[in-house]
Undergrad: 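Below is one structure. I have some questions about it.
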Amino acid sequence: MAQILLSRKAACNTHGQDSSYFLGLQEYENDPYDPKTNPTGIIQMGLAENQLSFDLLESWLQRHPDAAGLRRFGRVVFRELALFQDYHGLPEFKRVSAGFQQHNVRLQALADLMGDLRDNKIEIDPRKLVLTAGATSANEILMFCLAEPGEAFLIPTPYYPGFDRDLKWRTGAEIVPVHCSSSNGFRITRAALEKAYQGARKRNLSVKGVLVTNPSNPLGTTMSRNELGALVDFVVAKDVHLISDEIYSGTTFDSPRFVSVTEAIEGRAHVSDRVHVVYSLSKDLGLPGFRVGAIYSNNEAVVAAATKMSSFGLVSSQTQYLLSALLSDEEFKGNYTGENQKRIKQRHDRLVQGLGRSGISCLKSNAGLFCWVDMRHLLRSNTLEGEMELWREIVYEVGLNISPGSSCHCDEPGWFRVCFANMSAETLDVAMRRLQDFVASGRARDGDSRQRKKPILGKWMLTLSSSDRRSERGC
Amino acid sequence: MVKGAESCVPLSEVATSNTHGEDSPYFAGWKAYDEDPYDAASNPAGVIQMGLAENQVSFDLLEKYLDQHPEASGWGCGISGFRENALFQDYHGLQAFRQEMATFMEQIREGRAKFDPERIVLTAGATAANELLTFILADPGDCLLIPTPYYPGFDRDLRWRTGVRIIPVHCSSSNGFQVTLQALEDAYVKAEGMKIRVRGLLLTNPSNPLGTATTGHVLEEVLDFVTQKDIHLISDEIYSGSVFSSDEFVSVAEIVEARGYKDCDRVHIVYSLSKDLGLPGFRVGAIYSYNDRVVTAARRMSSFTLVSSQTQRMLASMLADREFTETYLKTNRERLKKRHDFITEGLKNAGIECLPGNAGLFCWMNLAPLLEEPTKEGELRLWSLIVHEAKLNISPGSSCHCSEAGWFRVCFANMSQQTLEVALRRIKDFTENMKAKQEK
């Protein structure tokens, strides 16, 4: 009997899960490293999670049992929270006046954190904040609001692989890459933007905006005020929108300091309506499971539409309650942010030094939970195939899941994103030793003396043909 | 195109359309309440909210549970589980929680149907579940058939971002608004005439706003119909735990099982804890599909609408307590029935008939005798009087796409007993005044 039809969206693969980015995650799931039980397993370096500062959160929770226990001053406030569905076009939340105040407190707490991360040079107005179930949801909502199906957003490469799904799948929007090159540290140039824009025009694509991630994933670099200014000039000139995904803003660990696009547009006329910021607690606070994302925009129509759309992905009020209590604790917040950044820097430096011992360099970075690593000199051929071959060797032979640049749409082969904040220091050292051995043995270059643990080709074919076995992680 | 204050950067059609449906009277009544909300002490003349289908009658049971089980909302001694929980963003959902959801759904149906946890996809509320299914089962421009009257939120949830249309299946009071084969056929033919491809039928069982459980006989007919037309069936069973007598609820899952799972690739169930457990704020919805491809696609799409892992963990703990859930379901049903009987008695006292109901958090009442003219305009004029003079926010049938004027949905589970008494007194006064005017 013929199978019943599903929609085109369901049947297509714009969910992007066949990419090497996700395949690597699957391979890790099949053979995960554990120092005791599986010391030869694959070490996960493809997941941009922040596990460095949980102890700080845990100790706060222990000192404040009310927050998770859904109590205020010992009294269970369950009822208010259980009923509280964020208002999004409906007067619902004002009904419970205590709930209303709590709603304001929660947004205020998040707004304050965002302000702190911008060195309080900008005041974040909670009325312009829309809460969403993670940045994944925030980015998709903005696309629904700003682009028609078939219209395009320009995105500088390399970019987060998840964007292919998040921005295009259900919205029908297109992504046109803005090609950046190692010749200038992958910085976004006016020429690259212009070239992408004209390219889109030639393909009869209407460009509705530019989306940048700042600090950048996968580069780990922040944009300077000048660069931001030039970017804003471009979107003004073309009369399009600008989305700035600032999800890594709190992971800036070194100078130059993080400058938000909101700071860059201060004092400029006629631009605030077109600039929209995305934030989340998944990276800075390391809480991806709690699904807390936000859109920040000066455009009232966008805030109104996005608020209504957030109905499809609201943040659990139980989680809002816990996090607003946490973030309202000024002492905790100040201490956490500084300590977290210090630890990220230490871990980053450890990775860079470890790579250095293998003769491998990275792009100089000052933010993020990963390094953008230059392995061009290890390629057998300066091609995509060469990169994929090296990647397979690193995943299966060396046992490190790192993300190939091609999965981030980088058009120079040989670059890889390597995460460092999602494992212990000891595991990182193991990873670096393995890499050192691999490079030292010359296996990367030498075609003849390769010793394979498993039949690579067969396994690769198997991997490509299997449907998803486990989760994909938005990272 | 929307012009901003400073620039003219346009937004999308979706952003600027009003398919979000929030301009309907359903929401306008809430505004009236919002501006003048009733409070027994501080605003006794304010508007009483009867347009909100929330379940507040059994909170004490939940609060007592949490009070006695602090470990449910924490992460155990030393908070060792916190880290793992905070990192968990797997779109498969917490295994333990899916397991408990499956068991809870079985409990509601008293074991008459089995649910496989591997077929459950978690979403942030039924709102998201319904939209997700629509994205998966239909393409832009296609349609879903929905029996009227139906939940006003569907206009937004199913149509807004998906571009899918709704063709109503008109039901009539002549048979208690039950779905008939003829009505289904008529709607299908209408869609064909408009050259719109029908992809599925969405049934809410028990019905919102009718407050009635669909009979097994009607479900069989519906399943035969969708099979014959080779379309999908979405059964929104969000009120399944709110049927006053549990044996009066027949789930489509029971029919599927009775048919030996034959041709069940087209059947999908939506559930949520918002109504039965009264937890809309926690955003817990679920899709249960007998179709593997739908489960896979839905899982991936749920990335846009995951349930907080903190919430999954707490509820897994709570639902695992079988004694608690059994007691809760039983007590909740009893209290809802009691409320329902109280309000229908009170309305009868005021000379108002309701559709005989056996489920849900609301009554479907007939105010047609009070209409000046049996039209939508007449209904809205009456509604306006009720909101502004009687100070009661109830939902007019036209906002639910009812094809007969004069029916209204009135909620009874979202307020205290005392407030309900005040509301009934006002209704009585109002109808007496109206009748007096009519007689003049």
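Values below: every heavy atom of this structure, side chains too, minus hydrogens, waters and symmetry copies.
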Undergrad: Mind ranking A:Cys145, A:Ser137, A:Pro149 by heavy-atom pairs under 4.5 Å with chain B and telling me who comes out on top?
TA: A:Cys145
Undergrad: If I measure from the heavy atoms of chain A, does B:Phe135 come under 4.5 Å with its side chain, its backbone, both, or neither?
TA: both
Undergrad: Rounded to the nearest 0.5 Å, how far apart are CG of A:Leu287 and CG of A:Leu57?
TA: 6.0 Å
Undergrad: Ignoring hydrogens and angles, tell me if any N or O in the side chain of B:Lys275 forms a donor-acceptor pair with the backbone of B:Ala53 under 3.5 Å.
TA: yes
Undergrad: Do you know which of B:Ala124, B:Ser308, B:Ala15, B:Gly278 has the most heavy-atom pairs under 4.5 Å to chain A?
TA: B:Ser308
Undergrad: Counting only non-hydrogen atoms closer than 4.5 Å, does B:Asn291 touch chain A with its backbone (N, CA, C, O), its side chain (CB onward), both, or neither?
TA: side chain
Undergrad: If you tally heavy-atom pairs under 4.5 Å against chain A, which of B:Thr305, B:Ile136, B:Leu277, B:Ile231 wins?
TA: B:Ile136
Undergrad: Would you please classify the geometry between the A:Phe312 ring and the B:Trp160 ring as parallel, tilted or perpendicular, with 30° and 60° separating the classes?
TA: tilted
Undergrad: So which part of B:Val307 gets closer than 4.5 Å to some heavy atom of chain A, the side chain, the backbone, both or neither?
TA: backbone
Undergrad: Inspect the contact between B:Asp139 and A:Lys9 and indicate whether a charged nitrogen and a carboxylate oxygen are less than 4.0 angstrom apart.
TA: no
Undergrad: Return the option, out of A:Met143, A:Arg291, A:Glu151, with the maximum number of heavy-atom pairs under 4.5 Å with chain B.
TA: A:Arg291
Undergrad: Who wins among B:Glu131, B:His232, B:Met301, B:Arg161 for the most heavy-atom pairs under 4.5 Å with chain A?
TA: B:Arg161
Undergrad: Salt bridge check: are A:Asp55 and B:Arg83 linked by an N-O gap of less than 4.0 Å?
TA: no
Undergrad: Begin with the C-alpha distance, continue with both residues' side-chain angles, and end with the deciding distance and a verdict on side-chain contact (heavy atoms from CB on, under 4.5 Å) for A:Lys208 and A:Lys238.
TA: CA-CA 9 Å; A:Lys208 285 315 262 297; A:Lys238 303 298 187 199; over 6 Å; no
